[in-house]
Amino acid sequence: METLDRAIIEATQAGLPLTPRPYATVAEQVGSDEATVMARMQAMQESGIIRRIGAVPNHYVLGFRGNGMSVWEVPEDRIQACGERVGALDFVSHAYHRPKHPPLWNYNLFAMVHGRDREEVMQKVEKIATLLGDDDLGHEVLFSSRILKKTGLRLPGGKP
Amino acid sequence: MTAIAARNYPAMTGALEPELSNLEKRLLNEYQKGFPLTRTPYAEIAQQLGTSEALVLEVLNKLKDQGYISRVGPVFKPRKVGVSTLAAMSVPDDRLHQIASIISSYPEVNHNYEREHQFNLWFVVTARDEAHLREVLQDMEMRTGLPIMDLPLEQQFHIDLGFPLWC
């Protein structure tokens, strides 16, 4: 990774300044100019290093306290199709294929479902069940009762 | 596009949901991605929403101060510098606090959740390589005396691009 890109990541990972010319402020911090910073951020967005730029909501504070981790057993040969269909739902923030550990754990598809409360999460989980149809060989929803630790991205060598 | 009043609190349902103005909601809902890469992005947003740059900045500052947003800025793809796994443990209730403290104390753990299930402790372990990851998991099992279920990511189906808070 280019030195400048790394410096831009370090300067922006805690957020852009809430001032009229945020990229000019970042440019000052990294010893570059406004146009270059914008161009590098555009390039990092195109290459996928930056997924998106925008407001990052704190769902818990906003009242989204459901936070259900839905886990699904689907046929191994259907995991691709099922994962893509579930991942495309706008209320699913993450969808993953993970290994089974039978007999204690037979679920191979994980989908994080967010809602204001458990009822809303369960309604969304029912939509997933309907979508999967016969591929749903069993599912559960694991609600989080406590967040014990949560830290964001830290670049090695960046500010703690 | 109609102008938006700064303080227009609609009646909200749900006791835990904060009361937010229309402008606050639109900033939260419509700007999780696509923040302008232009010299004056907040002025551009203000124009799109039919309000002023000063008010957009004021409201974003307020949303940040109150913790409704953690920041306005880029969300980076998790770096593929090391290896990570999702791990789960089945912890007896009376030991949960103690075990959770041990797990959270590892710098390799960045997420640790208590969940209501037989597997009641869920955490993500990130290490520089597979050998280091195995070492950390083994150390955890030794210190807690409990087995860890290791659920590494095999495939991701969806890149998180934010999601609608209000439909």
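All chains are named by letter (A, B, ...) in the order of the sequence lines, taking the proteins before the strands, and each is independently numbered beginning at 1. Bear in mind the structure is a predicted one, so any value in this text is a computation, not a measurement.
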Report summary line: Closest non-hydrogen contact found for A:V121 with A:G115 is CG2-N, 3.6 Å
Query raised in the report: chain B contacts: which residues in residues 99-106 of chain A have a non-hydrogen atom closer than 4.5 Å to it?
Result: A:P99, A:H101, A:L104, A:W105
Requested in this report: Answer whether the closest heavy-atom distance between the side chains of B:V72 and A:V56 falls below 4.5 Å.
Outcome: no
Requested in this report: Please confirm whether B:F35 and B:Y42 have ring centers closer than 6.0 angstrom.
Outcome: yes
Query raised in the report: Quick one: what part of B:E30 sits under 4.5 Å from any heavy atom of chain A, side chain, backbone, both or neither?
Result: neither
Query raised in the report: Is chain B contacted by the side chain of A:I79, its backbone, both, or neither, given a heavy-atom distance below 4.5 Å?
Result: both
Query raised in the report: Of the non-hydrogen atoms in A:P17 and A:V26, which two are nearest, and what is the gap between them?
Result: CD-CG2, 4.0 Å
Requested in this report: State whether the number of non-hydrogen atoms from other residues, nucleotides or ligands found under 6.0 Å of A:D134 atom CG is greater than 12.
Outcome: no
Report task. For residues A:P57 and A:A55, report the shortest heavy-atom separation together with the two atoms involved. Result -> CD-O, 3.3 Å
Query raised in the report: Most heavy-atom pairs under 4.5 angstrom with chain A, which of B:T38, B:V124, B:L27, B:I45?
Result: B:T38
Report task. Taking all non-hydrogen atoms of both residues into account, name the closest pair between A:I8 and A:T12 and its distance. Result -> O-OG1, 2.8 Å
Report task. Check whether A:M112 gets within reach of chain B through its side chain, its backbone, both or neither, counting any heavy atom under 4.5 Å. Result -> side chain
Query raised in the report: Just wondering, are more than 12 heavy atoms of other shown residues or ligands nearer than 6.0 Å to CD in A:E119?
Result: no
**Report entry** Top contributor to chain A interface from B:I103, B:N120, B:L86 [non-hydrogen pairs under 4.5 Å]
**Finding:** B:L86
Query raised in the report: Which bit of A:Q80 is near chain B, if near means a heavy-atom gap under 4.5 Å: side chain, backbone, both or neither?
Result: both
Query raised in the report: Between A:H114 and A:S93, what is the shortest heavy-atom contact and its length?
Result: NE2-OG, 2.9 Å
Query raised in the report: Quick one: are A:F91 and A:I128 in side-chain contact, heavy atoms under 4.5 Å?
Result: yes
Query raised in the report: For the candidates B:S90, B:P152, B:S70, B:A100, which exhibits the highest count of non-hydrogen atom pairs separated by less than 4.5 Å from chain A?
Result: B:P152
Requested in this report: Begin with the C-alpha distance, continue with both residues' side-chain angles, and end with the deciding distance and a verdict on side-chain contact (heavy atoms from CB on, under 4.5 Å) for B:L37 and A:Y23.
Outcome: CA-CA 8 Å; B:L37 267 167; A:Y23 303 112; 3.6 Å; yes
**Report entry** Shortest non-hydrogen contact between A:N58 and B:G67, atoms and distance
**Finding:** CB-O, 3.1 Å
Requested in this report: Quick one: which of B:E114, B:Q155, B:Q118, B:E116 has the most heavy-atom pairs under 4.5 Å with chain A, could you say?
Outcome: B:E114
Requested in this report: Can you tell which part of B:F119 gets under 4.5 Å to a heavy atom of chain A, answering side chain, backbone, both or neither?
Outcome: both
Requested in this report: Following the transitive rule for hydrophobic clusters with a side-chain heavy-atom cut-off under 4.5 Å over Ile, Leu, Val, Met, Phe, Trp and Tyr, establish whether A:L137 and A:L132 coincide in one cluster.
Outcome: no
Query raised in the report: At what distance, to the nearest 0.5 angstrom, does SG of A:C82 lie from CG of A:L131?
Result: 8.5 Å
Query - Heavy-atom proximity to chain A below 4.5 Å, by part of B:L121 - result: side chain
Report task. State, yes or no, whether a side-chain contact exists between A:R98 and A:N108 at a heavy-atom distance under 4.5 Å. Result -> no
Query - Contact origin within B:E53 toward chain A - heavy atom pairs under 4.5 Å - result: side chain
Query raised in the report: What residues of residues 29-42 of chain A sit under 4.5 Å from chain B when only non-hydrogen atoms are counted?
Result: A:E34, A:M38, A:M41, A:Q42
Requested in this report: Name the member of B:V56, B:T40, B:L57 that forms the most heavy-atom pairs with chain A at distances under 4.5 Å.
Outcome: B:L57
